[in-house]
Amino acid sequence: MEMTKRKLLNGARFLSFMLDSESYCMDILKVRELMGMTPITPLPRTPAFIRGVINLRGQIIPVIDLRLKFGLAFRDYTKRTCIIVVEVEYSGENVLMGLVVDSIQDVVSIPEDKLSKLPYISARIKSEYIRGVADTGEGMKIVLDVLKVLSEEELAVVKDTAEAQAGA
């Protein structure tokens with residue numbers, strides 16, 4: 001009993017959020033900030049899923065709409081729509097980017113042994129973005145690998161875009 005309790009407390013912590021009617025989560029250690037929707041400055045000649053940039057306390061941050069990135073239909077932003085500011089590493093540098101999600105749910109602990117890697121996933125998003133699936137007390141959660149949501153080329157575009165805007 002004590003060992004099971006300790007394992008649960010030692011489980012990784014994840015921020016859960018909704019996209020379309022599916023529940024996803026990401027490693028809480030990658031999350032830097034949660035914020036409500038704010039005006040986004042659109043950028044020319046970028047993929048549609050890159051909605052633009054925001055100024056967060058003097059730092060220019062590119063914003064990616066996860067619905068569009070995952071091939072879901074665009075949905076107008078509401079008061080529940082949020083931006084999750086995450087930090088990813090690219091070319092040895094830490095880069096901040098905002099991820100637009102439909103709504104934020106809560107923080108969940110998922111022990112590593114509850115995280116299942118599946119050979120295929122019937123979810124609507126590509127399996128390379130998915131670290132695994134976990135059966136939690138709140139139901140099944142799809143665990144995203146934030147570092148793999150954007151390809152190397154897309155990360156380069158995001159980083160270059162943010163730097164260009166910061167210099168403008």
Task: Residues, nucleotides or ligands: over 12 heavy atoms within 6.0 Å of Lys69 NZ - done: yes

Open item on the list: Under a plain distance cut-off of 3.5 Å, with no hydrogens placed, do Asp65 and Tyr77 share a side-chain donor-acceptor pair?
Closed with: yes

Open item on the list: Looking at every non-hydrogen atom in both residues, tell me the closest pair between Ala134 and Ile110 and how far apart they are.
Closed with: CB-CG2, 3.6 Å

- [ ] Give, for atom CZ of Phe14 and atom CZ of Arg131, the distance between the pair rounded to the nearest 0.5 Å.
- [x] 4.0 Å

TODO: May I ask you to test the Ile104-Leu34 pair for a side-chain heavy-atom distance under 4.5 Å?
DONE: yes

Task: Verdict with reasoning, Arg13 to Asp27, per salt bridge (charged side-chain N to carboxylate O under 4.0 Å, His left out) - done: CA-CA 6 Å; Arg13 295 173 59 83; Asp27 188 337; over 6 Å; no

Task: Derivation of the side-chain contact (heavy atoms from CB on, under 4.5 Å) call for Val31 and Val85 - done: CA-CA 6 Å; Val31 176; Val85 178; over 6 Å; no

- [ ] Identify the heavy atoms of Ile60 and Pro62 that sit nearest to each other, and give their distance.
- [x] O-CD, 4.1 Å

TODO: Starting at CE of Met140, measure out to CD of Glu22 and round the result to the nearest 0.5 Å.
DONE: 11.0 Å

- [ ] Determine whether more than 12 heavy atoms belonging to other residues, nucleotides or ligands lie under 6.0 Å from atom CZ of Arg80.
- [x] no

- [ ] Kindly give the heavy-atom pair with the smallest separation between Ile28 and Leu15, and that separation in Å.
- [x] CD1-CB, 3.8 Å

TODO: Determine, for Glu33 against Arg57, whether the closest basic-nitrogen to carboxylate-oxygen distance falls under 4.0 angstrom.
DONE: yes

Open item on the list: Less than 4.5 Å apart, side chain to side chain, heavy atoms only: is that true for Val100 and Thr81?
Closed with: yes

- [ ] Mind listing the closest non-hydrogen atom pair of Gly98 and Ile83 along with its distance?
- [x] CA-CG2, 3.7 Å

- [ ] Measure the shortest side-chain to side-chain distance between Val63 and Ile50 over non-hydrogen atoms and say whether it is less than 4.5 angstrom.
- [x] no

Open item on the list: To the closest 0.5 Å, what do you measure between CG (Leu99) and CZ (Arg51)?
Closed with: 14.0 Å

TODO: Check the angle between the aromatic planes of Tyr24 and Phe70 and answer parallel, tilted or perpendicular using the 30° and 60° thresholds.
DONE: tilted

TODO: Assess whether side-chain contact (heavy atoms from CB on, under 4.5 Å) is satisfied between Val88 and Lys30, documenting all intermediate values.
DONE: CA-CA 7 Å; Val88 295; Lys30 300 288 179 209; 5.6 Å; no

Open item on the list: What's the separation between atom CD in Gln105 and atom OG in Ser23, rounded to the nearest 0.5 Å?
Closed with: 4.0 Å

- [ ] Look at the side-chain heavy atoms of Ile, Leu, Val, Met, Phe, Trp and Tyr, link any pair under 4.5 Å apart, and say whether Val133 and Met18 land in one connected group.
- [x] no

TODO: For residues Lys141 and Lys114, determine if any side-chain heavy atom of one lies less than 4.5 Å from a side-chain heavy atom of the other.
DONE: no

- [ ] Using atom types as modelled and distance alone, determine if a side-chain donor or acceptor of Arg75 lies under 3.5 Å from a backbone N or O of Leu72.
- [x] no

Open item on the list: Does Ile54 form a side-chain contact (heavy atoms from CB on, under 4.5 Å) with Met35? I'd like the steps, not just the answer.
Closed with: CA-CA 11 Å; Ile54 58 172; Met35 56 190 293; 3.9 Å; yes

Open item on the list: Rounded to the nearest 0.5 Å, what separates atom CZ in Phe49 from atom CG in Leu66?
Closed with: 10.0 Å

Task: Non-hydrogen side-chain atoms of Cys82 and Asp102 separated by less than 4.5 Å - done: no

Open item on the list: I need the minimum non-hydrogen distance between Cys25 and Ser16, along with the two atoms involved.
Closed with: CB-CA, 3.7 Å

Task: Check against side-chain contact (heavy atoms from CB on, under 4.5 Å), Val53 and Ile61 - done: CA-CA 5 Å; Val53 293; Ile61 299 175; over 6 Å; no

